[in-house]
Colleague: 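Below you will find the structure I want to go over with you.
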2 protein chains.
Amino acid sequence: MSSVARAEASKSEVSRQRILDAAAKTFRDKGYVATRLQDIAEAAGLRAGSIYYHFASKEQILEAVFEIGTRRLRGSVSDAVDALPASATHRERIFTAAHSHLSTLLAQGDYTSANIRNFGQIPEEIQIRHREQRRVYEQDWRDLLENARAAGEIHADADLRVLRLFLLGGLNWAIEWYREGGPVGIDAIAETCCRSLFDGIAG
Amino acid sequence: MSSVARAEASKSEVSRQRILDAAAKTFRDKGYVATRLQDIAEAAGLRAGSIYYHFASKEQILEAVFEIGTRRLRGSVSDAVDALPASATHRERIFTAAHSHLSTLLAQGDYTSANIRNFGQIPEEIQIRHREQRRVYEQDWRDLLENARAAGEIHADADLRVLRLFLLGGLNWAIEWYREGGPVGIDAIAETCCRSLFDGIAG
DNA sequence: GTCTATAGGCTGATAGAC
DNA sequence: GTCTATCAGCCTATAGAC
């Protein structure tokens with residue numbers, strides 16, 4: 001009976017999800033162009049031709065992965081910051097946001113890191129279509145930093161744009177070197193980066 | 001007469017150089033896999049087939065670009081730091097290194113940025129072959145930071161590994177957003193990042 | 001929904017003329 | 001040294017059976 005307001009996902013949705021998961025992982029690891037439909041199909045447990053029942057083209061898979069990646073990132077960070085008590089300092093908010101950003105990137109699936117790693121090298125048309133979505137997330141960060149400065153928690157003459165790009169860039173870069181089970185955990189990275197940036201490393 | 005101890009480059013060397021320049025730029029912009037021999041040939045002013053007089057394969061072009069990229073980066077940074085007076089503080093050394101790193105990345109050709117942008121997504125075999133070269137450059141940075149800490153210019157309990165990866169990552173990330181003639185220059189970026197990291201941004 | 005089979009286009013690489 | 005011509009292989013996408 002299809003009228004059960006379906007409590008569980010349809011077969012189609014399950015496959016679609018498997019394809020997206022596999023694509024995100026492979027895009028992240030090898031890059032979009034180097035990824036073959038066959039790679040995605042193998043990892044998703046079906047044949048390459050079957051993908052076209054769910055997606056019209058390889059590009060559409062990329063766009064879906066990107067869309068999910070940015071949405072999840074923004075969602076995680078927003079949720080984490082919103083969960084803080086109203087009494088939280090701006091510094092605490094920024095730390096929480098940074099931690100959530102890093103955690104989403106490194107531990108919560110490949111959509112976000114696939115997005116970040118491939119964005120600069122994909123066809124311009126697709127970049128343009130997804131730039132707006134990115135801008136929204138960046139705006140969240142602008143607000144975080146500006147509010148902190150307005151409250152006097154960041155000194156008045158700081159260049160917030162470069163600061164934002166530097167902080168997020170340094171965190172994003174962890175994609176290139178972080179390994180699960182390695183010498184440093186996600187908490188420690190977020191902690192070190194934020195504390196260093198706020199308090200300085202000078203002895 | 002070929003015995004003039006050749007003051008100018010041979011025709012072959014000129015073409016080889018043109019190919020490498022074109023390849024570095026295209027690898028940087030579109031990525032290694034998405035770059036066609038034809039793209040390189042067009043930018044270098046010859047036909048795709050002619051490339052094989054100079055290189056045995058596309059992979060060999062990549063390896064040459066990588067080798068040059070890392071060598072130039074290390075050379076620039078070393079030269080800049082060595083040019084400082086012996087009286088320079090460790091902080092000045094680190095700033096100079098950061099500035100030179102950034103400058104090489106953003107203003108001095110595409111070899112270094114092609115390397116940095118593609119490294120994580122190329123075949124593992126090539127990664128391994130070039131990892132040693134990278135390690136040498138990273139060691140330069142380890143030394144810079146450790147010397148600074150030993151001299152008391154970085155506080156004693158700092159996690160230098162994460163700090164190094166954070167700083168270099170934040171600088172490397174500028175590849176993704178820096179535009180020549182944009183609102184912020186290279187000097188300003190290096191200055192903001194280093195000063196923020198050393199002195200902190202807390203108000 | 002997923003399969004197999006294959007069309008159609010592109011690209012890295014080679015061969016031989018000049 | 002560089003060209004043209006071409007081969008061989010691969011990969012996206014489609015068609016039709018089940």
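Reminder, nothing fancy here: chain letters follow the sequence lines and each chain counts from 1. Everything numeric in this text was worked out from a predicted model, so none of it was measured.
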Colleague: With a 4.0 angstrom cut-off to heavy atoms of chain A, pull out the first and last contacting nucleotide of DNA chain D, in 5'-to-3' order.
Modeller: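 Span of nucleotides near chain A: D:dC11 to D:dT14.
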Colleague: Select from B:Tyr53 and A:Tyr32 the residue whose nearest nucleotide in DNA chain D is closer to the 5' end of that strand.
Modeller: B:Tyr53
Colleague: In B/S/- notation, 5' to 3', how is nucleotides 10-15 of chain C contacted by protein heavy atoms closer than 4.0 Å?
Modeller: -SSBB-
Colleague: Evaluate the criterion salt bridge (charged side-chain N to carboxylate O under 4.0 Å, His left out) for residue pair B:Arg18 and B:Asp21; output intermediate values, then yes/no.
Modeller: CA-CA 5 Å; B:Arg18 273 221 186 90; B:Asp21 286 349; over 6 Å; no
Colleague: Starting at CG of A:Asn115, measure out to CG of A:Asp110 and round the result to the nearest 0.5 Å.
Modeller: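 Rounded to the nearest 0.5 Å, the CG-CG separation comes to 12.0 Å.
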Colleague: Got a second to check how far B:Leu163's CG is from B:Trp141's CH2, nearest 0.5 Å?
Modeller: 10.5 Å
Colleague: Listed by chain and number, what are the ring-ring contact (aromatic ring centres under 6.0 Å, His included) partners of B:His54, not counting sequence neighbours?
Modeller: none
Colleague: How far apart are the closest heavy atoms of B:Asn118 and B:Tyr32, and which atoms are they?
Modeller: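 For B:Asn118 versus B:Tyr32, the nearest heavy atoms are OD1-N, 3.0 Å.
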Colleague: Might you confirm whether atom NZ of A:Lys25 has over 12 heavy atoms from other residues, nucleotides or ligands at distances under 6.0 Å?
Modeller: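 No, not enclosed.
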Colleague: Which of these passes salt bridge (Lys or Arg N to Asp or Glu O under 4.0 Å) with B:Arg74: B:Asp82, B:Asp79, B:Asp140?
Modeller: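 Result: among B:Asp82, B:Asp79, B:Asp140, B:Asp140 is the only option passing the salt bridge (Lys or Arg N to Asp or Glu O under 4.0 Å) with B:Arg74.
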Colleague: Does a side-chain N-to-carboxylate-O contact under 4.0 Å join B:Glu176 and B:Arg117?
Modeller: yes
